[in-house]
Amino acid sequence: MTDDIRRNMALFPIGIVMKLTDLTARQIRYYEQHELIIPARTSGNQRLYSFNDVERLLEIKDLIEKGVNIAGIKQVLLPVSKDSEEATVLNEHSEVKRKEMTESQLHKMLKQQLFGGGNRPGQVSLIQGELSRFYQ
DNA sequence: GTTCTGACA
DNA sequence: TGTCAGAA
């Protein structure tokens, strides 16, 4: 996949990204502060975004429009690959494991609803309801 | 002309 | 989030 290097190659300044994503510079920088995206910098401290960064911003924008806040977006966008020691130590004892199972399922459901096809009227509540209640 | 950081009606 | 200041 030498195509990845192209997508991860920092190319455009924030001005272009603004037009590409319809987000304001303020928002883009704000999301960066919350580590939703980590653009590269020029020697002059100018932000340089890659195609991947732009796609990521589009996903973020999508979630924002669906009423998800920063905390919620982090849960959905940031790699959730961190069940290392916990799963090993307490793998047969109920509570913790059961909770992770639930969160894992919730996470899956969220991704499906958020990125999968579309939402049927009346079923969108899970996002604005559950999610915002958990990560508000 | 653009972008950056910090701050605030 | 918008917007302004002051500097790069």
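A note on names: the letters A, B, ... follow the listed sequences, proteins ahead of strands, and every chain is numbered from 1. Predicted model, so just to flag it, every value in this text is computed and none were measured.
Take the nearest nucleotide of DNA chain C for Gln46(A) and for Thr24(A): the residue whose nucleotide is more 5' is Thr24(A). The residue among Asn45(A) and Arg26(A) whose nearest nucleotide of DNA chain B lies closer to the 5′ end is Asn45(A).
Here the straight-line distance linking atom OG of Ser50(A) with atom CD1 of Ile5(A) works out to 12.0 Å at 0.5 Å rounding. Taken to the nearest 0.5 Å, the CZ atom of Arg56(A) stands 6.5 Å off from the CG atom of Leu36(A). Taking CD1 of Ile28(A) as the start and CD1 of Ile14(A) as the end, the distance is 4.5 Å to the nearest 0.5 Å.
Gly44(A) comes within 4.0 angstrom of no nucleic acid atom, judged by non-hydrogen atoms across all strands. Ile64(A) comes within 4.0 angstrom of the backbone, heavy atoms only, and of no base.
Separating the CD atom of Gln27(A) from the C1' atom of dC4(B) is a distance of 17 Å, rounded to the nearest angstrom. Leu48(A) places its CG atom 16 Å from the P atom of dT2(B), with the value rounded to the nearest Å. Ile14(A) has its CD1 atom 13 Å from the P atom of dT2(B), to the nearest Å.
The side chain of Tyr30(A) places no N or O atom within less than 4.0 Å of a non-bridging phosphate oxygen (OP1 or OP2) of dC4(B). Taking 4.0 angstrom as the limit, Arg29(A) places a side-chain polar atom (N or O) nearer than this to OP1 or OP2 of dC4(B).
Base pairing analysis places dT2(B) opposite dA8(C); the two distances defining the Watson-Crick or G-U wobble pair are each below 3.5 Å.
Leu20(A) has its side chain out of reach of Tyr49(A): every pair of non-hydrogen atoms, C-beta onward, lies at least 4.5 Å apart.
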